[in-house]
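The chain is numbered in sequence order, starting from 1.
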Amino acid sequence: MKGGSRLLWFLFSLCCYCVIINNNGVEGSHKIHHEYQCVPDTKVRQVHRTGYHFQPPRNWINGPMYYNGIYHLFYQYNPKGAVWGNIVWAHSVSRNLIDWEALEPAIYPSKPFDINGCWSGSATILPGNKPAILYTGIDTQQRQVQNIAFPANLSDPYLRKWVKPDSNPLVVPDVGMNASTFRDPTTAWRVNGHWRMLVGARKKHRGIVYLYRSRDFMTWIKSKHPLHSAQNTGMWECPDFFPVSLYSERGLDTSVTGKNVRHVLKVSLDRTRYEYYTIGRYYPEIDRYIPGNTSADGWSGLRYDYGNFYASKTFFDAEQKRRILWGWANESDTADNDTAKGWAGIQTIPRTLWLDKGKKQLLQWPIEELNTLRGQKIQVRNQELKIGENVEITGITAAQADVEVTFSLPSLDKAEEFDPSWVNAQDLCGMKGSTVQGGVGPFGLLTLASEHLEEYTPVFFRIFKAKGKHVVLMCSDAKSSSLRTELYKPSFAGFVDVDLKDGMLSLRSLIDHSVVESFGAGGKTCITSRVYPTLAVSKKAHLYAFNNGTEAVTIKKLNAWTMHRPQMN
């Protein structure tokens with residue numbers, strides 16, 4: 001591996017902030033529910049518990065690492081309750097990213113440098129094949145400081161025990177820095193004998209990733225300038241920085257640089273609760289990252305996922321030579337304590353990630369290992385969907401399914417005119433939902449639907465015509481997902497950069513009781529929705545294909561499978 005780094009890691013990422021307003025503006029803070037910190041899991045509702053998405057036995061979760069053939073998932077976990085508080089780094093292991101075995105916690109608050117919390121971090125494999133975890137601790141002064149931990153016994157394949165040297169903390173906030181916005185160290189990379197890592201931060205309204213260098217991984221010196229920053233973006237949480245190949249779908253070790261490489265900088269914006277990324281060039285000789293011109297550098301930029309998705313990170317799987325993305329399907333805001341206690345903390349299915357051929361964005365697709373859970377299969381071929389028609393997809397368990405469908409669009413002549421002021425896809429989806437008749441679309445799937453459609457979560461496309469091109473909108477709309485009126489049920493959406501010359505448009509949806517992960521046009525646009533139906537649960541859930549456009553659409557090919565449950569903790 002280049003530079004001896006073999007950065008096989010993935011993250012442990014923090015997901016449980018809330019936004020509060022004080023005299024200094026917007027701050028990130030953990031919301032602590034003292035009245036629920038010790039609610040036993042026997043009181044947690046289970047009807048919406050996922051079947052094949054990773055969840056701990058109860059409570060909050062987060063991220064992973066790959067080492068010596070075993071995937072390690074570390075996650076923030078409250079062993080005494082189902083909300084934020086009493087947080088430890090819990091630990092599960094897997095050989096295939098599908099089946100998981102729970103171990104005892106790896107890290108918990110115990111020293112002055114983390115006594116008030118062990119927050120998010122990441123892992124790096126050092127020379128000599130030795131893992132190290134960098135993580136944010138909350139010290140006795142309530143400062144966010146960066147610490148290190150090592151396995152106590154490298155001969156243990158599961159790395160059950162971890163030790164924290166008394167030389168911690170490795171990095172503390174400088175005088176004048178906001179010590180409450182200084183967290184989430186990245187996977188380190190090595191160039192010319194020096195390690196680098198990033199720490200997310202904020203200076204007034206500017207988002208920042210500070211850069212630190214080290215020769216020995218223990219003594220870190222802050223660079224004179226950050227790797228990158230941007231005005232008016234607020235706190236940059238859970239940063240991730242990694243290379244992608246210009247000419248191959250294979251993943252790259254985190255330390256790789258060169259002319260055939262571009263770099264991705266992803267940040268989780270505390271103020272919006274969404275994630276954004278740019279693709280650009282990294283100049284290691286001056287340690288600067290400059291985004292390209294393929295997207296905005298901020299709130300209107302590219303996103304991994306346009307739905308319930310936050311605090312993600314990638315890791316390089318050296319065995320399979322792939323880069324894998326794993327994020328948190330974050331909880332929609334609700335007014336219900338059962339929701340807060342029982343349905344939070346779900347990881348999305350791990351996704352392989354690579355640069356698209358146009359070099360303008362990233363593509364994502366569920367890992368191949370997921371296919372081993374496929375069971376009962378049904379097929380539909382050349383099924384026309386006329387205006388207002390719903391076709392039920394039967395023969396599978398609709399509450400726990402994997403659906404791949406390709407739609408054929410015989411004509412785009414009736415596509416609606418696109419208004420250039422429609423720059424916000426989510427607002428457009430809210431305005432033109434699945435029941436609002438269009439020309440070409442809306443068409444797609446009604447997931448987690450009740451028999452008489454009192455509840456359903458539509459995932460659909462709508463085609464517009466603009467000057468010299470067509471605009472494709474993809475939506476996952478939760479407005480009709482539940483009869484419970486107190487729930488937050490947003491319309492999520494993103495535009496799809498796809499060429500419709502062949503008249504084909506594909507969709508894959510992973511349906512799992514309370515989560516619907518959807519991938520449009522081979523992974524160009526991804527949307528994850530958390531939904532909580534009351535009627536469309538378990539065996540009472542249905543799946544339909546639909547078309548509410550005036551132009552007929554054909555299901556060219558549809559394959560759907562009932563998904564089995566893996567071993568899960």
### Task
List in chain and number order the residues that pass side chain to side chain contact (heavy atoms under 4.5 Å, CB included) with His194, two or more places apart in sequence or in another chain; answer none if no residue qualifies.
Arg196, Arg215
### Query
Should Ser518 and Met474 count as side-chain neighbours, where that means a heavy-atom distance under 4.5 Å?
yes
### Set of ring-ring contact (aromatic ring centres under 6.0 Å, His included) partners for Phe241, sequence neighbours left out
Trp189, His263, Tyr282, Tyr289
### Query
Can you list every salt bridge (Lys or Arg N to Asp or Glu O under 4.0 Å) pair that touches residues 495-504, not counting sequence neighbours?
Lys360-Asp497
### Query
Quick one: side chain to side chain contact (heavy atoms under 4.5 Å, CB included) partners of Val172, sequence neighbours excluded?
Arg143, Val145, Pro169
### Query
Should Phe242 and Thr186 be marked as a side-chain contact (heavy atoms from CB on, under 4.5 Å) after you check the CA-CA gap, both sets of side-chain angles, and the distance that decides it?
CA-CA 10 Å; Phe242 58 91; Thr186 64; over 6 Å; no
### Query
Salt bridge between Glu369 and Arg322, side-chain N to carboxylate O under 4.0 Å?
yes
### Task
Anything under 30° is parallel, anything over 60° is perpendicular, the rest tilted; go ahead and classify Tyr210 against Tyr212.
perpendicular
### Summary
side chain to side chain contact (heavy atoms under 4.5 Å, CB included) filter on Asp156, not counting sequence neighbours, yields Asn153, Tyr158, Arg160
### Task
Using the salt bridge (Lys or Arg N to Asp or Glu O under 4.0 Å) rule, collect all pairs that involve residues 292-308, keeping only residues at least two apart or in two chains.
Asp305-Arg351
### Message
Among residues at least two apart in sequence or on other chains, which ones pass salt bridge (charged side-chain N to carboxylate O under 4.0 Å, His left out) with Lys469?
### Response
none
### Message
Under a plain distance cut-off of 3.5 Å, with no hydrogens placed, do Arg190 and Ser255 share a side-chain donor-acceptor pair?
### Response
no
### Query
Would you call the rings of Trp100 and Phe54 parallel, tilted or perpendicular if under 30° counts as parallel and over 60° as perpendicular?
perpendicular
### Task
Applying ring-ring contact (aromatic ring centres under 6.0 Å, His included), name anything that partners Phe407, two or more places apart in sequence or on another chain.
Phe443
### Message
Could you work out, with ring-ring contact (aromatic ring centres under 6.0 Å, His included) as the rule, every residue matching Phe519, not counting sequence neighbours?
### Response
Trp365
### Contacts of type ring-ring contact (aromatic ring centres under 6.0 Å, His included), residue Phe217, not counting sequence neighbours
Trp195, Trp220
### Partners passing side-chain hydrogen bond (donor to acceptor under 3.5 Å, both in side chains) against Asp216 (at least two apart in sequence or in another chain)
Ser214
### Query
Should Asp114 and Ile138 count as side-chain neighbours, where that means a heavy-atom distance under 4.5 Å?
no
### Message
Just verifying a value: how many Å separate Asn308 CG and Thr348 OG1, rounded to the nearest 0.5 Å?
### Response
11.5 Å
### Query
By side chain to side chain contact (heavy atoms under 4.5 Å, CB included), which residues pair with Asn293, not counting sequence neighbours?
none
